[in-house]
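Remember, predicted model here, so these are calculated numbers, not experimental data.
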Amino acid sequence: MGGEKNAKGDEKAKHKPTKLKRLSDHESAAGDKASTKNSAKSLKSTEKTHNGRSQMKGKTPKKDSVKTASSPSEAVKQEQEDDDFTTKQRGLKRKRIKDEPMEGPSHSTATPSSSSKRKRNQHRQEEECDEEAPKKSKKKTEKTVKKEEGEHLISKKAKKTKTEIEEAKQLKIKKKEEEEQSRWRWWEEEKYEDGVKWKFLEHKGPYFPPEYQPLPDNVHFYYDGKKVKLSLAAEEVALFFAQMLDHEYTTKTVFRENFFTDWRQEMTDEERKLIQDLDKCDFGELSAMHKAKVEARKNMTKEEKLAVKEANQLIVDEYGFCLLDQHKERIGNFKIEPPGLFRGRGEHPKQGMLKKRIQPEDVIINCGKESCIPVPPAGHRWKKVQHDNSVTWLASWTENIQGLIKYIMLNANSKLKGEKDWEKFEVARKLKSRVDDIRNQYNKDLKSKEMVVRQRAVALYFIDKLALRAGNEKEEGESADTVGCCSLRVEHITLHEKLEGNECVVEFDFLGKDSIRYYNKVPVIRRVFKSLTLFLESKKAGDDLFDRLTTSILNKHLSALMPGLTAKVFRTYNASITLQQQLKVLTNKSDNLAEKILSYNRANRAVAILCNHQRAPPKTFDQSMANLQAKIESRKEQLSLAKSELKEAKKEAKTKGSDPKLQQLVERKKAAVQRCEEQLLKMEVQATDREENKQIALGTSKLNYLDPRISVAWCKKMEVPVDKIYNKTQRDKFAWAIDMTEEDFEF
DNA sequence: CAACTCACTTAGCAGAGTTCTA
DNA sequence: TAGAACTCTGCTAAGTGAGTTG
C-alpha cells in the first residue's frame with residue numbers, strides 16, 4: 001500500500017505549486033475580536049489576546065517570509081491552470097484568484113456580547129438511552145414523506161398525505177428540538193481548575209473482541225503438501241495470514257519474515273520442528289473459507305442484516321457511553337483492538353508481526369472514585385483500577401509491537417475533546433496577533449552567528465512558510481523512516497541557485513507522517529538559502545540538516561515567545577487563516593449555492609494542499625468522471641434542442657399573432673431552457689470540483705485544522721445551510737462553534 | 001540533557017451505509 | 001430495484017509535546 005501510494009505521490013508532486021508569490025498583507029485584514037455570543041466565558045489560555053499588537057507592517061522583511069497566505073492561493077491558481085484545458089472545453093467560466101490584496105481590514109466590531117447564559121440543560125437519561133428507536137422512526141417517516149409527496153401529485157389522497165406530511169414535519173422539528181435540549185452546552189459553563197478533567201466518571205469498561213472460533217473440520221492447512229492439524233494458537237495466527245493473502249504486502253520479505261518468526265512463537269514444539277519454511281505452507285483452504293464468509297455476509301438477507309445491526313447497537317448502547325459529570329457522553333473507541341498481523345504504513349520494519357490478543361489482565365481502568373467500577377469479563381480481573389481525574393482516558397493497555405500505550409477515550413463531540421479543540425484554535429488566534437513579531441524575530445535570527453539560533457530560524461521559516469510538522473526524532477528500526485522539519489536530512493533537500501525562472505529554490509523530497517511523500521520546489525529568501533548552504537557544508541547523505549536543533553529546543557524557544565506556542569500551532573494558524581482568506585477572495589454573495597460550495601471546497605482544498613493532505617485517487621475515479629462527462633454532453637444536447645424549440649415557438653407566436661396558447665408555449669419552453677441551463681451548470685461545477693479533488697483529502701484539515709467558527713460565520717454570511725459544509729458527525733463535533741458563532745466572526 | 005513515558009492529536013484507508021441512476 | 005457511485009464511520013497507526021528520571 002505504502003509503496004503504491006508513494007508512487008502516486010510522485011505523479012501528484014508534479015502538480016504541486018512551485019511558484020510562491022506573495023499575496024498581500026493578509027494580516028492587515030485583522031479585526032480579530034472574537035464575535036462570539038458568549039465569549040464571556042473566555043478560555044483561560046486565551047486571555048484577551050488582541051491588545052497592543054505591533055504589526056510593523058511594511059517595514060518588516062516579512063515580504064518574502066509571508067507566504068503562508070500566498071502559497072495556498074497560488075496553489076489554487078495552479079490547480080486551476082492545470083485544469084484550464086478541461087475547463088475551456090466545458091466552457092465553464094471559473095473564478096480566478098486575483099493577485100491584488102484583499103479588501104481592507106474588516107473591522108469586526110462584534111463585542112463579546114455578554115452571554116445569554118442559558119441554564120445548563122440537565123440531561124435526561126432515560127430519554128437519551130432510548131435515542132435509537134425514535135431516530136429510526138424519524139428516518140422512516142422522512143422516506144415515506146418523500147414517497148408520498150411524489151404520489152400525491154397523481155393520487156387523490158392528497159388531503160390525507162398532507163396532514164401526514166405535516167405530522168412528519170412536526171415530528172422532525174420536535175426531534176431536533178429534543179436533541180438540542182439534551183445536548184450538553186458545556187461551552188456555557190465555567191471551566192474546571194487547572195488539570196482537573198472531570199469530577200465524576202462512570203463506564204462499563206472496554207468491549208473485548210470475540211474469542212477465536214476454531215476452523216471447521218473440512219478446512220485444512222497443508223505443509224509441504226501434507227495435511228497438518230494446527231494447535232489452536234497457531235491456527236488462529238495462520239488464519240490472520242490467510243485472510244491477508246490478497247494484499248500485496250504478504251509478498252514482502254519483511255512482512256513474511258516477521259510473520260513467520262512470530263507465528264512460530266505461537267506453535268507447539270512439534271509444530272515448530274515441522275514448519276520451517278513459509279513457502280511450503282498452503283493456506284489455500286483457510287483463505288477460501290474466509291472469502292466465502294465475506295461473501296456470505298454480503299449476501300445476507302435484509303432481516304439478517306438488521307439482526308446483526310441490532311446486536312451491534314446493543315453493544316454500543318451498553319459499552320459505547322459513559323457518564324461524565326452527570327452527562328452521558330459517547331465513547332470514541334470503546335472496543336479493544338482485536339488481534340491480527342500488524343501492518344504499519346510505508347516500509348515499516350515491524351510489518352507482519354503478530355499483534356497479540358489483549359486480556360483484561362492487560363487493561364488499566366480509569367474511573368471516578370464514587371462510580372461503579374466496571375466488571376471484568378467472567379474469570380478475569382483488571383490489571384489495575386485507578387481514579388485519576390487529571391487524565392481523560394477510561395481504559396488503557398500496552399500494545400506489544402512497539403510497546404505503546406493505547407487508550408480508550410471519548411468521542412470528538414464530547415466536552416473533553418471539544419473544549420480542548422476550542423482551546424487549540426484560541427491559541428492559534430493568539431498567534432495571529434503575534435505572528436509579525438515572531439517573523440521579525442526569526443528573520444533577524446537568520447543572521448545569527450550562533451549555529452543553534454540560525455538553524456532554529458531556518459526551521460521556523462520552513463514551519464511557518466510550508467506548514468511542515470515539527471519532526472521529532474524517532475528510534476531507528478522501530479518504525480518507517482519518515483521525517484518532519486527538525487529531522488530533515490541532507491538527502492531530503494536540493495538547493496538550486498536558479499530553477500525554472502526562480503532564484504534560490506529549495507527542492508524538498510521526503511516522506512512525512514504516514515509515509516506520505518512531500519515534494520515541493522520553493523523559492524526562499526537569500527538569507528535562508530545561504531544558511532542552508534552553510535548547514536550542508538561538509539555533510540553527507542544521512543546526516544541531519546539541522547544537526548544542532550531538536551524539536552524540544554525549538555518549542556522551548558517558541559513557548560518563550562508566546563505562552564502555549566509550539567511548532568504545530570503554526571500549522572493550525574496557517575491553515576485557518578488561509579481558509580478565511582480564501583473564502584473572502586473566492587465567494588460572492590451573489591453566487592448561487594452550488595458555486596458557493598465549490599468556492600468553499602476550493603478554499604478547503606488550498607489548505608489541504610498546504611498541509612499536504614493526500615489521498616489515493618478513488619478506484620472508480622476515471623469511470624465516474626467519464627460518466628459525469630457523458631451526462632454533461634447529453635444535457636448539452638438537450639439544451640440545444642430546447643433552445644431550438646424555444647426559437648420555433650417564438651417564431652410561431654410572432655407570425656400567428658397573439659394567440660394566448662402560443663404565448664404560453666413560449667413561456668414553457670423558456671422555462672425548460674432555463675432549467676436545462678441550471679442543471680448543466682450544476683453538473684459542470686460538480687465535475688470541476690471532483691476533478692480538482694482527485695488526490696486531495698479535504699477531511700483531515702476540515703476536522704483538525706480549520707477553526708469551525710470561520711466556516712460557520714461564512715455560512716451565515718453567505719446564507720449557506722451549515723449542513724452543506726458539515727455532516728452530522730461534524731456538526732456534533734463543532735456544536736460549540738455552530739452555537740456561538742455570529743456572522744462577523746474573524747479568526 | 002538524553003532517554004524514556006505518557007497523553008493526546010492527527011492521519012489515511014477499508015468497508016459499511018446511503019443515495020443516485022438506469 | 002439492483003447495482004453503481006458516493007459518503008461516512010470506525011479503526012488504528014503515527015505524529016506532537018509535556019513531563020519524568022537518572
Open item on the list: If the condition is side-chain contact (heavy atoms from CB on, under 4.5 Å), which residues does A:V391 pass it with, not counting sequence neighbours?
Closed with: A:N366, A:D388, A:W393
Task: Salt bridge A:E399-A:K355, side-chain N to carboxylate O under 4.0 Å - done: no
Open item on the list: Would you say A:K406 places a side-chain N or O within less than 4.0 Å of OP1 or OP2 belonging to C:dA13?
Closed with: yes
Task: Interatomic distance, A:K355 NZ vs C:dA14 C1' [rounded to whole Å] - done: 13 Å
TODO: For the side chain of A:R615, starting at C-beta, report the closest nucleotide among B:dT9, B:dC13, C:dA14.
DONE: B:dC13
Task: Heavy atoms from other residues, nucleotides or ligands near NZ of A:K204 exceed 12 (cutoff 6.0 Å) - done: no
Open item on the list: Here's a test of your reading of the structure: between A:R469 and A:S390, which maps to the more 5' nucleotide of DNA chain B?
Closed with: A:S390
TODO: Answer yes or no: does a side-chain N or O of A:K474 lie under 4.0 Å from OP1 or OP2 of C:dT16?
DONE: no
Task: Within 6.0 angstrom of A:K305 NZ, more than 12 heavy atoms from elsewhere - done: yes
Open item on the list: So A:G484, base contact, sugar-phosphate only, or nothing? Heavy-atom distance under 4.0 Å.
Closed with: nothing
- [ ] Quickly work out the A:Y518 OH to C:dG15 P distance and round it to whole Å.
- [x] 16 Å
Task: Stacked cation flag A:R731 on A:Y726, 6.0 angstrom / 45 deg - done: no
Open item on the list: From the set B:dA7, B:dG12, C:dT12, return the single nucleotide nearest to any side-chain atom of A:E337.
Closed with: C:dT12
- [ ] Could you say whether A:N704 or A:Y407 is positioned toward the 5' end of DNA chain B, judged by the nucleotide with the nearest heavy atom to each?
- [x] A:Y407
Open item on the list: If I take atom CD in residue A:E399 and atom C1' in nucleotide C:dT12, what distance separates them, rounded to the nearest angstrom?
Closed with: 10 Å
Open item on the list: With a 4.0 Å cut-off on N to O distance, would you call A:E450 and A:R548 a salt bridge?
Closed with: no
TODO: Find the distance A:K309:NZ to B:dA16:P and express it as a whole number of Å.
DONE: 13 Å
Open item on the list: Determine whether a donor-acceptor pair (one donor, one acceptor, N or O, separation below 3.5 Å) exists between the side chain of A:K513 and the base of B:dT10.
Closed with: yes
TODO: Look at A:Y705 and B:dT9 and indicate whether a side-chain polar atom (N or O) is within less than 4.0 Å of OP1 or OP2.
DONE: no
Open item on the list: Whether A:K335 contacts C:dG10 is assessed here as follows: a side-chain N or O lying under 4.0 Å from the phosphate OP1 or OP2. Is that the case?
Closed with: no
Task: Interatomic distance, A:L511 CG vs B:dG12 C1' [rounded to whole Å] - done: 15 Å
Open item on the list: Distance to the ring centre below 6.0 angstrom and angle to the axis at most 45 degrees; does that hold for A:K199 and A:Y192?
Closed with: yes
Open item on the list: Any side-chain N or O of A:R571 below 4.0 angstrom from OP1/OP2 of B:dA11?
Closed with: yes
Task: side-chain N/O A:K197 vs B:dC8 OP1/OP2, d < 4.0 Å - done: yes
Task: Contact pattern, 5' to 3', of nucleotides 17-22 of chain C - B, S or - by protein heavy atom under 4.0 Å - done: BS----
- [ ] Ignoring hydrogens and angles, tell me if any N or O in the side chain of A:R615 forms a donor-acceptor pair with the backbone of A:N693 under 3.5 Å.
- [x] yes
TODO: Would you indicate what A:R330 reaches in the nucleic acid, counting non-hydrogen atoms under 4.0 angstrom: base, sugar-phosphate, or nothing?
DONE: sugar-phosphate
- [ ] Establish, with yes or no, whether the OP1 or OP2 oxygen of B:dA11 is under 4.0 angstrom from a side-chain nitrogen or oxygen of A:Q614.
- [x] no
Task: Any A:H348 side-chain nitrogen or oxygen under 4.0 Å from OP1 or OP2 of C:dA14 - done: yes
TODO: Determine the contact category for A:T392: base if any of its heavy atoms lies under 4.0 Å from a base atom, sugar-phosphate if only primed atoms, P, OP1 or OP2 are that close, otherwise nothing.
DONE: sugar-phosphate
TODO: Taking A:D262 for its side chain and A:L354 for its backbone only, find out whether a donor-acceptor pair lies under 3.5 Å.
DONE: yes
Task: Nearest-Å distance for atom pair CD1/P, residues A:I358 and C:dC11 - done: 15 Å
For nucleotides 6-8 of chain C, tabulate all protein N/O to nucleotide N/O atom pairs closer than 3.5 Å, reporting atom names and distance.
{"from": "C:dC6", "atom 1": "OP1", "to": "A:R690", "atom 2": "NH1", "distance (Å)": "2.6"}
{"from": "C:dC6", "atom 1": "OP1", "to": "A:R690", "atom 2": "NH2", "distance (Å)": "2.6"}
{"from": "C:dC6", "atom 1": "OP2", "to": "A:S624", "atom 2": "OG", "distance (Å)": "2.9"}

Task: A:R548 CZ - B:dC1 P separation (whole Å) - done: 13 Å
TODO: In whole angstrom, give the distance that lies between atom CG of A:N333 and atom C1' of C:dT9.
DONE: 13 Å
TODO: Select from A:S479 and A:F334 the residue whose nearest nucleotide in DNA chain C is closer to the 5' end of that strand.
DONE: A:F334
Open item on the list: Taking the side chain as everything from C-beta on, heavy atoms only, tell me whether A:R605 gets closer than 4.5 Å to A:L698.
Closed with: yes
TODO: Indicate yes or no: does A:E426 engage A:R429 in a salt bridge with an N to O separation below 4.0 Å.
DONE: yes
